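Notes follow once the structure below has been shown.
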Amino acid sequence: MKALNDMNNVERGYLLAKLFPQNLKDLTVFVQQEAERFREQEEYIRSIWAKRTFLTADYWFSLVNNTEQVLKRYNVTLHRSTRVFSDQLFDGHNAIFLINCLVEYADREECNPKLKEAIHLLFGHDKMIVDS
């Protein structure tokens with residue numbers, strides 16, 4: 001098995017999915033809710049977005065869009081297959097949005113304490129976007 005710091009995001013997503021398969025549906029639903037939340041608040045978020053940031057608002061919303069497409073295309077397969085969950089949601093730059101969602105989820109009361117620890121261990125504590 002690879003050391004944690006040698007794993008890429010797909011591998012980390014797969015490890016999380018293998019450790020917590022019972023939580024994949026809740027995680028997938030939360031990712032969908034986060035995408036919807038960003039869409040609903042898009043105008044406001046764009047209006048407050050810092051102009052000189054590494055991540056532009058256009059880029060962020062392209063990640064939201066990519067994630068929405070994955071959610072539509074793979075739907076229930078995302079929470080039924082640990083491999084589809086990790087391969088589709090953590091592929092390439094899409095992982096940026098997913099990691100933000102996971103860290104956000106870890107702060108919620110309904111997040112299992114062990115899942116929270118695993119999210120923080122695998123993906124850190126810092127959110128990419130703080131919009132409130």
Side-chain angles (χ1 to χ4, degrees):
M1 182 180 240
K2 283 186 173 183
L4 188 58
N5 59 347
D6 292 333
M7 297 172 79
N8 64 36
N9 288 323
V10 172
E11 293 167 330
R12 290 170 192 243
Y14 183 67
L15 178 57
L16 184 73
K18 289 296 282 182
L19 291 171
F20 298 94
Q22 70 280 10
N23 295 102
L24 293 186
K25 184 172 185 176
D26 291 339
L27 290 173
T28 303
V29 168
F30 183 76
V31 169
Q32 176 66 44
Q33 291 169 345
E34 282 294 278
E36 290 169 5
R37 181 176 70 86
F38 276 102
R39 283 289 176 215
E40 290 167 1
Q41 297 178 5
E42 184 171 356
E43 188 176 316
Y44 170 72
I45 292 169
R46 285 180 180 277
S47 76
I48 63 167
W49 201 278
K51 299 296 180 210
R52 294 184 176 168
T53 59
F54 180 71
L55 219 62
T56 66
D58 287 341
Y59 183 72
W60 180 257
F61 282 99
S62 75
L63 298 176
V64 172
N65 184 61
N66 291 347
T67 301
E68 288 173 324
Q69 297 307 313
V70 168
L71 290 166
K72 283 179 193 169
R73 182 170 183 196
Y74 294 95
N75 200 349
V76 296
T77 310
L78 290 168
H79 58 83
R80 290 185 179 161
S81 168
T82 54
R83 183 56 68 193
V84 172
F85 178 84
S86 59
D87 286 352
Q88 298 305 316
L89 292 174
F90 291 88
D91 185 42
H93 293 197
N94 288 346
I96 296 168
F97 181 70
L98 255 292
I99 292 168
N100 191 76
C101 290
L102 290 176
V103 173
E104 190 75 44
Y105 186 79
D107 286 345
R108 298 176 70 92
E109 270 187 45
E110 66 265 20
C111 184
N112 170 328
K114 288 183 181 183
L115 175 59
K116 179 178 184 165
E117 286 182 39
I119 289 170
H120 290 298
L121 176 67
L122 293 168
F123 301 105
H125 295 265
D126 299 329
K127 297 172 189 163
M128 302 283 185
I129 305 299
V130 179
D131 64 335
S132 51

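Nothing here was measured: the structure is a model prediction, and the numbers come from that model. Quick note: numbers below take in every heavy atom, side chains included, and nothing from hydrogens, waters or symmetry partners.
Side-chain contact between Leu115 and Leu16: present, with at least one pair of heavy atoms (C-beta onward) separated by less than 4.5 Å. By the 4.5 Å heavy-atom criterion applied to side chains, Phe85 and His79 are not counted as neighbours. Annotation: side chain of Val103 is in contact with side chain of Ile99 (closest heavy-atom distance under 4.5 Å). Residues Asp26 and Tyr105 form a side-chain contact, since some pair of their non-hydrogen atoms from C-beta on lies under 4.5 Å apart. Between Thr28 and Gln32 there is no side-chain heavy-atom pair separated by less than 4.5 Å. A heavy-atom distance below 4.5 Å is found between the side chains of Val31 and Phe97. Under the 4.5 Å side-chain criterion, counting only non-hydrogen atoms from C-beta, Leu78 is in contact with Val70.
Glu11 places a side-chain N or O within donor-acceptor distance of the main-chain N or O of Asn8, the cut-off being under 3.5 Å. Checking side-chain atoms of Trp60 against main-chain N and O of Arg46 turns up no donor-acceptor pair under 3.5 Å. The backbone N or O of Thr77 sits nowhere less than 3.5 Å from a side-chain atom of Ser81 that would complete a donor-acceptor pair.
Applying the salt bridge (Lys or Arg N to Asp or Glu O under 4.0 Å) rule to Asp91 yields no partners; only residues at least two apart in sequence or on another chain are considered.
Both Val10 and Leu19 belong to a single network of hydrophobic side chains, linked directly or stepwise wherever heavy atoms of I, L, V, M, F, W or Y lie under 4.5 Å apart.
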Practice task
Output, in order, the C-alpha distance, side-chain angles, deciding distance and verdict of salt bridge (charged side-chain N to carboxylate O under 4.0 Å, His left out) for Arg39 and Glu36.
Solution key: CA-CA 5 Å; Arg39 283 289 176 215; Glu36 290 169 5; over 6 Å; no
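Relative ring orientation between His120 and His125 is described as parallel, the plane-to-plane angle staying below 30° on a 0-90° scale split at 30° and 60°. By the 30° and 60° cut-offs, the orientation of the rings of Phe90 relative to Phe123 is parallel.
Comment: Glu117 does not engage Lys114 in a salt bridge, judged by the lack of any side-chain N to carboxylate O separation of less than 4.0 angstrom.
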